[in-house]
Amino acid sequence: MKCEDYPDLYQTADEASINAQRVYLKTIALYLCLLIAAAICSLAIGTSSFLAILAALIFAGTLFLSIFLVVKRYDKTWYNARAVAESVKTVTWRYMMRAEPYNDPNDAVARSTFINTLKLILEQNTQLAHAFTGDAATIYPIPETITDNRSFPLTTRIKIYIDSRIDNQRLWYIRKASNGKRRALIWFILMCSAQAGALICVLVRIAKPTWSYLPVDVFIVLAGASLTWMQTRKYQDIIAAYSLTAHEISLMRSQISDSMTEDDFSDFVNDAENAFSREHTQWQARRQT
């Protein structure tokens with residue numbers, strides 16, 4: 001399933017989440033870079049009025065960015081819009097696989113229930129209207145891919161769900177957990193290196209009191225910036241949550257059998273989608289605390 005194969009509401013919420021994430025992380029990165037630059041200026045400021053003015057401007061910039069982040073709350077938009085997108089994706093898969101409550105043999109009734117669910121998701125998240133750049137109110141038409149998948153026989157739908165949902169999600173979580181481990185290690189090494197640099201500078205200053213231009217403050221700020229970035233990205237939480245979910249998905253996959261009935265498959269799909277939703281809801285709650 002490609003992005004354009006989902007209802008328009010998914011595409012709109014997905015775009016809003018990605019844009020808010022991009023702005024939020026770039027603003028945090030700029031804020032931290034300005035702090036490091038300010039520490040470098042303070043080291044070399046001496047009697048230079050130019051560097052003093054530059055340092056003042058940099059600190060003014062960090063103040064502006066702090067207020068900007070609090071007022072705009074791009075982090076909240078990022079996760080709330082992602083929650084909308086994932087909710088749409090979940091109900092779409094339930095509808096395509098004919099899982100309850102979209103298992104009515106009358107396709108017109110099931111379609112109406114599906115559309116009403118999408119409308120309810122939109123109505124419950126009107127606070128995101130400012131972030132939606134597309135036509136979020138567009139519920140019709142339902143993409144043909146969704147209708148086509150729903151019309152397939154049970155065995156075909158089972159294969160589609162395994163390949164395009166279960167295995168796809170499992171590989172996504174594995175990849176994200178692996179990337180999180182690698183990036184967490186890089187930033188941990190950088191933080192420790194900065195702390196070691198600060199320690200060495202302090203020891204040198206003890207041995208050579210006349211050496212007053214050692215970059216102790218720069219190393220301290222760099223270490224703090226590294227820690228702040230690690231906490232912003234929450235690498236450890238990502239590694240733990242995504243690894244656990246990947247294992248859970250693997251266990252769910254082993255429950256699929258060729259002897260499944262429509263009711264069995266409906267229960268399986270709902271259990272799987274509940275697991276996906278639970279992971280995302282818990283992560284969203286942790287992110288907003």
Side-chain angles (χ1 to χ4, degrees), residues 1-15 17 81-122 124-125 136 138-176 242 245-258 260-284:
M1 290 283 289
K2 299 178 182 178
C3 180
E4 57 268 22
D5 293 328
Y6 290 99
D8 288 344
L9 181 56
Y10 170 82
Q11 299 171 43
T12 301
D14 181 62
E15 181 181 2
S17 178
R82 176 52 51 197
V84 172
E86 295 303 319
S87 295
V88 173
K89 182 182 286 188
T90 288
V91 299
T92 299
W93 276 103
R94 284 175 169 156
Y95 175 73
M96 283 193 298
M97 298 298 107
R98 295 178 175 248
E100 192 178 359
Y102 314 109
N103 56 344
D104 195 296
N106 187 331
D107 284 341
V109 174
R111 182 186 181 90
S112 177
T113 303
F114 176 55
I115 291 174
N116 288 335
T117 303
L118 296 179
K119 289 180 178 178
L120 181 61
I121 292 173
L122 179 59
Q124 291 176 340
N125 292 276
T138 301
I139 302 299
Y140 297 99
I142 295 176
E144 290 185 4
T145 305
I146 296 176
T147 305
D148 292 342
N149 286 338
R150 180 178 171 82
S151 66
F152 290 136
L154 176 61
T155 53
T156 304
R157 279 183 281 122
I158 290 176
K159 186 178 186 308
I160 290 173
Y161 194 70
I162 292 175
D163 295 340
S164 300
R165 185 59 165 161
I166 295 293
D167 288 346
N168 180 274
Q169 285 293 108
R170 183 176 62 85
L171 292 175
W172 187 89
Y173 282 117
I174 291 174
R175 184 171 64 253
K176 286 294 184 179
Y242 287 178
T245 304
H247 286 299
E248 187 175 2
I249 294 173
S250 296
L251 292 175
M252 286 190 297
R253 194 187 192 289
S254 65
Q255 299 173 6
I256 298 179
S257 66
D258 296 334
M260 272 187 165
T261 64
E262 286 283 0
D263 288 341
D264 292 336
F265 185 53
S266 173
D267 291 340
F268 174 81
V269 170
N270 279 326
D271 288 343
E273 295 303 326
N274 285 338
F276 297 145
S277 299
R278 182 174 61 253
E279 185 281 328
H280 183 78
T281 301
Q282 290 175 347
W283 173 246
Q284 182 187 18

Report task. Quick one: do R165 and E273 satisfy salt bridge (charged side-chain N to carboxylate O under 4.0 Å, His left out)? Show the steps, please. Result -> CA-CA 10 Å; R165 185 59 165 161; E273 295 303 326; 2.7 Å; yes

Requested in this report: Output, in order, the C-alpha distance, side-chain angles, deciding distance and verdict of side chain to side chain contact (heavy atoms under 4.5 Å, CB included) for L122 and K119.
Outcome: CA-CA 5 Å; L122 179 59; K119 289 180 178 178; 5.7 Å; no

Query raised in the report: Stepwise, does the side chain to side chain contact (heavy atoms under 4.5 Å, CB included) test hold for R111 with N116?
Result: CA-CA 9 Å; R111 182 186 181 90; N116 288 335; over 6 Å; no

Query raised in the report: What's the verdict on side chain to side chain contact (heavy atoms under 4.5 Å, CB included) for M97 and I160, showing C-alpha distance, side-chain angles and the deciding distance?
Result: CA-CA 9 Å; M97 298 298 107; I160 290 173; 4.2 Å; yes

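Taking the side chain as every heavy atom from C-beta outward, N149 and S164 never approach each other to under 4.5 Å. For the pair E100/N103, a side-chain contact is recorded, criterion being any heavy-atom separation below 4.5 Å from C-beta on. Looking at heavy atoms from C-beta onward, I146 lies in side-chain contact with P143 at the 4.5 angstrom threshold. Side-chain atoms of Y161 and M96, non-hydrogen and from C-beta on, never get closer than 4.5 Å to each other.
For the residue pair A99 and S266, the shortest heavy atom distance occurs at CA-OG, 3.4 Å. Nearest approach of T113 to P101, heavy atoms of both residues: CG2-O, 4.1 Å. Of all non-hydrogen atoms in A13 and A85, the two that sit nearest each other are CB-N, 3.8 Å. The two residues C3 and Q11 come nearest to each other via the heavy atoms O-CG, 3.4 Å. For the residue pair L9 and L118, the shortest heavy atom distance occurs at CD2-O, 3.7 Å.
Relative ring orientation between F114 and Y95 is described as parallel, the plane-to-plane angle staying below 30° on a 0-90° scale split at 30° and 60°. Ring orientation note: the planes of Y10 and Y6 are tilted relative to one another, at an angle of 30° to 60°.
Atom CG of L154 sits about 8.5 Å away from atom CE of M260, to the nearest 0.5 Å. Atom-to-atom distance recorded for I142:CD1 and D5:CG is 13.5 Å, nearest 0.5 angstrom. Rounded to the nearest 0.5 Å, atoms CD1 (I174) and OG1 (T245) are 11.0 Å apart. A distance of 3.0 Å separates CG in D264 from OG1 in T261, rounded to the nearest 0.5 Å. Taking OG of S151 as the reference point, atom CD of E144 lies at 11.0 Å (rounded to 0.5 Å). Once rounded to the nearest 0.5 Å, the distance linking CD of E86 with OG of S277 reads 8.0 Å.
The aromatic ring centroids of W93 and F276 lie 6.0 Å or more from each other.
Here D14 pairs with R82 in a salt bridge; the nearest charged N to carboxylate O distance falls below 4.0 Å. With respect to E262 and R157, a salt bridge is recorded, a charged nitrogen being found less than 4.0 Å from a carboxylate O.
A side-chain donor-acceptor contact under 3.5 Å links T117 and Y102.
The number of heavy-atom neighbours closer than 6.0 Å to CD of E4, taken from other residues, nucleotides and ligands shown, is above 12.
A donor-acceptor pair under 3.5 Å is formed between the side chain of N274 and the backbone N or O of N270. Between the side chain of T156 and the backbone N or O of F152, no donor-acceptor pair lies under 3.5 Å.
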